[in-house]
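The next block holds one structure in the form of structure tokens; read it before the comments.
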Amino acid sequence: MKPLRRLATVALAAGAALATTLGLAPSALAAPDPVLASPYLYQWGGQTDPAAAMSATGVKAFTLAFMLSDGGCNPKWDGNRDLTGSDAALIQKIRSAGGDVIPSFGGWSGTKLGSQCGSPDDLAGAYQKVIDAYQLKAIDLDIENTDEFENATVQDRILNAVKITKQKNPGVRVVITMGTSPQGPTEWGSRLITQAKAIGANVDVWSVMPFDFSSGGDMAAMTKSAVDGLKDQLKSAFGWSDDEAYRHSGLSSMNGKTDNAGENVSVANFTSIRDYASSHHLGRFTFWATNRDCGGGGECSGIDQEKYAFTKIVAGYQG
């Protein structure tokens, strides 16, 4: 994720023991779908109390940003916080309130596991540490920038790691999140999709970020066009019907002012996008981020909006 979105950068038994110690396992078993409607939440600047947001909006899941590298092939939150620290407490708070989480690996900046891990097996091992620590149902791989997205070697490493991870954890779903053009995935996005098919990486949902791609205009219309383009590419690569391709598609918008001057996603835009997502039964509908889901500047969206307006819209999404 770019500047506004990114201001700072284990064996199964051991993982199960850690989850039990943290009190995560019992509530995780009864938790809701973490993939379908889970706005991003981060732990730097403008922190939001997840339980308060859940109570105010009805949202049941969050996408937690970001899982990065500690400089090697070891996962740490934002590259510097252990899996057992404040983020574990945050997950417990969300689950105690009846929700669940999907950690997001990567983002725009910081040191990424995809580039630091030397092989698909090593990278899958890093994913496994996080899966085991929190008894996860899903992970989000936010593949961006030149170190991961625009790098064929790293793309293939990630996809092969996905294949290994899915083989070891058949019940864990994998989301790939990537940038897009207003017409759909770029050349690098197209490569990622076709390589996933060639490698046999069983990605459950492909989610595009339909912003930071213009100087303004009708963001609802451009978002719909971008997701339609994604659907077409998935249909072509995997041989799916329109309905199947849409159900494997998703989107991650951004509330209010984006990183690009002139771009602005209004509440009305986002409502229209939600209606579009519902009509096609998209597999994922989310945005960056609940932390900035408030009116005004500073850590907020930069537009006139009610607190949690976008989170409420996501909370009502049923797929």
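Keep in mind it's a predicted model, so treat the numbers as computed, not measured.
Considering only heavy atoms from C-beta on, Pro34 stays 4.5 Å or farther from Phe62 through its side chain. Considering only heavy atoms from C-beta on, Lys112 comes within 4.5 Å of Leu68 through its side chain. Using a 4.5 Å heavy-atom threshold, the side chains of Trp206 and Ser249 count as separate. Between Ser278 and Tyr317, some side-chain heavy-atom pair lies under the 4.5 Å cut-off. Side-chain contact check for Met222 versus Pro210: every heavy-atom pair is 4.5 Å or farther apart. Counting only heavy atoms from C-beta outward, the side chains of Ile102 and Leu64 never approach each other to under 4.5 Å. Residues Val130 and Leu136 form a side-chain contact, since some pair of their non-hydrogen atoms from C-beta on lies under 4.5 Å apart. Between Trp288 and Thr258 the shortest side-chain heavy-atom distance does not fall below 4.5 Å.
For the pair Ser272 (side chain) and Ala268 (backbone), a donor-acceptor distance under 3.5 Å is absent. Of the possible donor and acceptor atoms, none in the side chain of Ser215 sits under 3.5 Å from a partner among the backbone N and O of Gly262. Looking only at distances, a side-chain donor or acceptor of Asn151 sits under 3.5 Å from a matching main-chain atom of Val154. Judged by distance alone, the side chain of Ser190 and the main-chain N or O of Thr186 form a donor-acceptor pair under 3.5 Å. For the pair Gln155 (side chain) and Phe149 (backbone), a donor-acceptor distance under 3.5 Å is present. A donor-acceptor contact shorter than 3.5 Å is absent between the side chain of Glu263 and the backbone of Asn260. Side-chain atoms of Ser181 do not come within 3.5 Å of backbone N or O of Pro185 as any donor-acceptor pair. Looking at Asp218, its side chain does come within 3.5 Å of a backbone N or O of Ala220 through a donor-acceptor pair. No donor-acceptor pair under 3.5 Å is formed between the side chain of Arg81 and the backbone N or O of Lys76. Remark: side-chain polar atoms of Asp100 are not paired, donor with acceptor, to backbone N or O of Ala61 under 3.5 angstrom.
For residues 200-211, the set of pairs meeting the salt bridge (Lys or Arg N to Asp or Glu O under 4.0 Å) definition, not counting sequence neighbours, comprises Lys166-Asp204. Within the structure, the salt bridge (Lys or Arg N to Asp or Glu O under 4.0 Å) test picks out the following pairs touching residues 232-242 (sequence neighbours left out): Lys231-Asp242, Lys235-Asp242. Screening residues 62-92 for disulfide (SG to SG under 2.5 Å) gives Cys73-Cys117 as the qualifying pairs, with residues at least two apart or on separate chains. Contacts classified as disulfide (SG to SG under 2.5 Å) and involving residues 172-233 (residues at least two apart or in different chains) are not found. The disulfide (SG to SG under 2.5 Å) pairs that include a residue from residues 188-237 number zero, where partners must be two or more places apart or lie in different chains. Each salt bridge (Lys or Arg N to Asp or Glu O under 4.0 Å) pair with one or both residues in residues 183-202, not counting sequence neighbours, appears once here: Asp156-Arg191.
Rounding to the nearest 0.5 angstrom, the gap separating the OG1 atom in Thr290 from the CG atom in Leu41 is 6.0 Å. Between Ile158 atom CD1 and Ile143 atom CD1 the span is 4.0 Å, to the nearest 0.5 Å. Considering OG of Ser104 and CG of Leu141, their distance stands at 7.5 Å, rounded to 0.5 Å. The CG atom of Asp87 sits 8.5 Å away from the CG atom of Leu83 when rounded to the nearest 0.5 Å. The OG1 atom of Thr286 lies 12.5 Å from the CE atom of Met254; values are rounded to the nearest 0.5 Å. Atom NE2 of residue His281 and atom CD of residue Gln318 lie 12.0 Å apart, to the nearest 0.5 angstrom.
The two residues Tyr40 and Ala65 have their closest heavy-atom pair at CD2-CB, 4.3 Å. In terms of heavy-atom proximity, Pro32 sits nearest to Gly99 at CD-C, 3.8 Å. The two atoms that bring Arg292 and Lys257 nearest to each other are NH2-O, 3.1 Å, heavy atoms only. Here the closest non-hydrogen pair linking Pro103 and Ala138 is CD-O, 3.7 Å. Arg284 approaches Val35 most closely through the heavy-atom pair NH1-O, 2.9 Å. Shown here for Val59 and Pro39, the closest heavy-atom pair between the two residues is CG2-CD, 3.6 Å.
In the hydrophobic clustering of this structure, Met67 does not group with Val175; members are Ile, Leu, Val, Met, Phe, Trp, Tyr whose side-chain heavy atoms approach within less than 4.5 Å, directly or through other members. Tyr308 and Leu90 are not part of a single hydrophobic cluster, where members link through side-chain heavy atoms under 4.5 Å apart. The cluster map of Ile, Leu, Val, Met, Phe, Trp and Tyr, joined by side-chain heavy atoms under 4.5 Å apart, puts Ile164 and Leu159 in different clusters. Note: the hydrophobic cluster containing Val205 does not contain Ile199 (ILVMFWY, side chain heavy atoms under 4.5 Å, direct or indirect links).
By the 30° and 60° cut-offs, the orientation of the rings of His280 relative to Tyr276 is perpendicular. Ring pair Phe270/Phe285 is parallel by interplanar angle, where below 30° counts as parallel and above 60° as perpendicular.
Partners of Gln305 by side chain to side chain contact (heavy atoms under 4.5 Å, CB included), not counting sequence neighbours, listed by chain and number: Asn255, Val267, Asp293, Ser301, Ile303, Ala309, Phe310. Applying the salt bridge (Lys or Arg N to Asp or Glu O under 4.0 Å) test to Asp275 and every residue at least two apart in sequence or in another chain returns nothing. Scanning for salt bridge (Lys or Arg N to Asp or Glu O under 4.0 Å) contacts around Asp228 gives an empty result, with sequence neighbours left out. The side-chain hydrogen bond (donor to acceptor under 3.5 Å, both in side chains) check on Ser119 picks up Asp122, with sequence neighbours excluded. Asp70 is linked by a salt bridge (Lys or Arg N to Asp or Glu O under 4.0 Å) to nothing, counting only residues two or more places apart in sequence or in another chain. With sequence neighbours left out, Lys312 forms a salt bridge (Lys or Arg N to Asp or Glu O under 4.0 Å) with no residue at all.
The number of heavy atoms from other shown groups lying within 6.0 Å of CD (Gln167) is above 12.
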**Request:** Step by step, work out the side chain to side chain contact (heavy atoms under 4.5 Å, CB included) result for Phe287 and Thr311.
**Result:** CA-CA 8 Å; Phe287 79 102; Thr311 303; 3.5 Å; yes
**Message:** Is there a side chain to side chain contact (heavy atoms under 4.5 Å, CB included) between Leu113 and Asn74? Walk through the geometry before answering.
**Reply:** CA-CA 7 Å; Leu113 287 162; Asn74 191 52; 5.8 Å; no
**Asked** Between Asp78 and Gln43, does a side chain to side chain donor-acceptor pair (under 3.5 Å) hold up when you go through it step by step?
**Response** CA-CA 9 Å; Asp78 292 322; Gln43 284 218 74; over 6 Å; no
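Using a 4.0 Å cut-off between a side-chain N of Lys or Arg and a carboxylate O of Asp or Glu, Lys129 and Asp132 do not qualify as a salt bridge. The residues Lys93 and Asp49 are annotated as salt-bridged, a charged nitrogen and a carboxylate oxygen being separated by less than 4.0 angstrom.
Ser252 and Thr177 form no side-chain donor-acceptor contact under 3.5 Å, judged by distance and modelled atom types alone.
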